[in-house]
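Written below as structure tokens is the structure these notes are about.
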There are 2 protein chains.
Amino acid sequence: MARQSQTSTAVLGVLSIESATGYEIRRAIAEILGHFWHESFGQIYPCLAELESAGLIRSRPGERAGSSRFEITSAGRRRLRELLAEPATPQPPRNGTLLRTFFGHALPPADLGRLLDEVESQARGHLSAYGAIRDGIAAEDGYDEHGPYWEATIRAGELAAGAQLTWVVETRAALLGSPVS
Amino acid sequence: MARQSQTSTAVLGVLSIESATGYEIRRAIAEILGHFWHESFGQIYPCLAELESAGLIRSRPGERAGSSRFEITSAGRRRLRELLAEPATPQPPRNGTLLRTFFGHALPPADLGRLLDEVESQARGHLSAYGAIRDGIAAEDGYDEHGPYWEATIRAGELAAGAQLTWVVETRAALLGSPVS
DNA sequence: CCAACCATGTAAGTTGTTACATGATTAA
DNA sequence: TTAATCATGTAACAACTTACATGGTTGG
């Protein structure tokens, strides 16, 4: 068995906050959790069918023709609590940047420089994105209840991005002799 | 198409440092790159067969019966340079800890505390592991040439682990009211 | 009316893990 | 002699992405 899917955790989690269509679940994950989690439609729709047949969610016809709005059942809430209490199984590490850095000796300095530039601009991009997300969630349904948890999640991203920026500066100096561009 | 596999990058990278059997490649990745990369035998052996038939590596009989020792060809070195110069495609984010934190409102504080304890002890474990790896690589073949790159890789891990420890302290205070255990 | 978005779902293909099968060699 | 380690490989399966097919709705 490969590691167990956590798609149902994410889906039940979203539905524990508000009822939604499959499309909305995907958008909520992409917009708010996008830096920490990801689901594709190919995962979500089959997962919704399974969760419904297990009685963890129920559906009613949505506002638009052919759409369904899902809501969590009390069995679903119990199940979500179980799933969240399970230790977080880390996905096997595959950090493309560090793989490249490790074998950086085989790479012309210009390419290595580009790699570091890329990390830097991505980290800066993430930091500014977190600011926007923070502004966005304050207006979201359920912020009163969930705000501190959401803030903690964003904070983890900020600290990670900060560490990456520190690493870029250090590493440019160590491997490229800190050219002041 | 799913994202292209980077197994061949890792395998060529290891072989660019020293010739090895499939078993040794896997061990090298697990021991030295284990915090940043991962490969299983089920990936490595088919990959070696492909690389050999593409002329990027060649094999000769190994020391033990039935074993083969692989070495990189000059075409393989060229190919490695290409692969390393490609932008690092990040794997889709799936951070189980942050998924749980985000939905932490649905979780009893004791379980959330356990989650944070787990992150903390893992980060501390990583930090001490990096110390051991740093000691280990200094004795490794090729340290003269590759040392700075290897150190930079480890440094990234240390900074990330440090950021996680900061996060745990902050988050305990914010979500659990900083109980002085 | 047309583009963008909302909405669902499936099929094909890739990637990767795990378990299994097999056997040689080394150290206790 | 027995356990651990070295060594290779495959088969089954799980997870996930991407592309496709389909069509309704909204706003400019």
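Every chain is numbered from 1, with letters handed out A, B, ... down the list of sequences.
In terms of phosphate contacts, S40(A) brings a side-chain nitrogen or oxygen within less than 4.0 Å of OP1 or OP2 of dT17(D). Of the side-chain N and O atoms in R64(B), one or more sit less than 4.0 angstrom from OP1 or OP2 of dA7(D). OP1 or OP2 of dA14(D) has not a single side-chain nitrogen or oxygen of S5(A) nearer than 4.0 Å. Within the structure, every side-chain polar atom (N or O) of S67(A) is placed at least 4.0 Å from both OP1 and OP2 of dG24(D). Within the structure, a side-chain polar atom (N or O) of H38(B) is placed less than 4.0 Å from OP1 or OP2 of dT17(C).
Residue Y45(B) contributes atom OH, which lies 18 Å from atom P of dA19(C) at whole-angstrom precision. Atom CD1 of I25(B) is separated from atom C1' of dG9(D) by 14 Å (rounded to the nearest Å). Here the C1' atom of nucleotide dA4(D) and the CZ atom of R27(B) are 13 Å apart, to the nearest Å. In this structure, R26(B) atom CZ and dT5(D) atom C1' are separated by 13 Å, rounded to whole Å. With rounding to whole Å, R94(B) atom CZ is found 10 Å from dT17(D) atom C1'. Between F41(A) atom CZ and dT22(D) atom P there is a gap of 18 Å when expressed in whole angstrom units. At whole-Å resolution of the value, CD in Q91(B) and P in dT17(D) are 11 Å apart. The CD-P distance, from Q43(A) to dT18(D), rounds to 12 Å in whole Å.
Here the nucleotide nearest the side chain of P92(A), chosen from dA7(C), dT17(C), dC6(D), is dT17(C). The side chain of T7(B) lies closest to dG16(C), out of dC6(D), dT8(C), dG16(C).
Under the 4.0 Å criterion applied to side-chain N and carboxylate O atoms, R114(B) and E118(B) are not assigned as salt-bridge partners. Here R69(A) does not pair with E18(A) in a salt bridge; the nearest charged N to carboxylate O distance is not below 4.0 Å. Salt bridge annotation for E39(B)-R94(A): present, with a cationic side-chain nitrogen under 4.0 angstrom from a carboxylate oxygen. In this structure, E52(B) does not pair ionically with R58(B), as no charged nitrogen and carboxylate oxygen lie closer than 4.0 Å.
Heavy atoms of E39(A) sit nowhere under 4.0 angstrom from any nucleic acid atom.
Closest-nucleotide positions on DNA chain C for P46(A) and E63(A) were compared, and the one nearer the 5' end corresponds to E63(A).
Between the side chains of E151(A) and Y143(A), at least one donor N or O lies within less than 3.5 Å of an accepting N or O.
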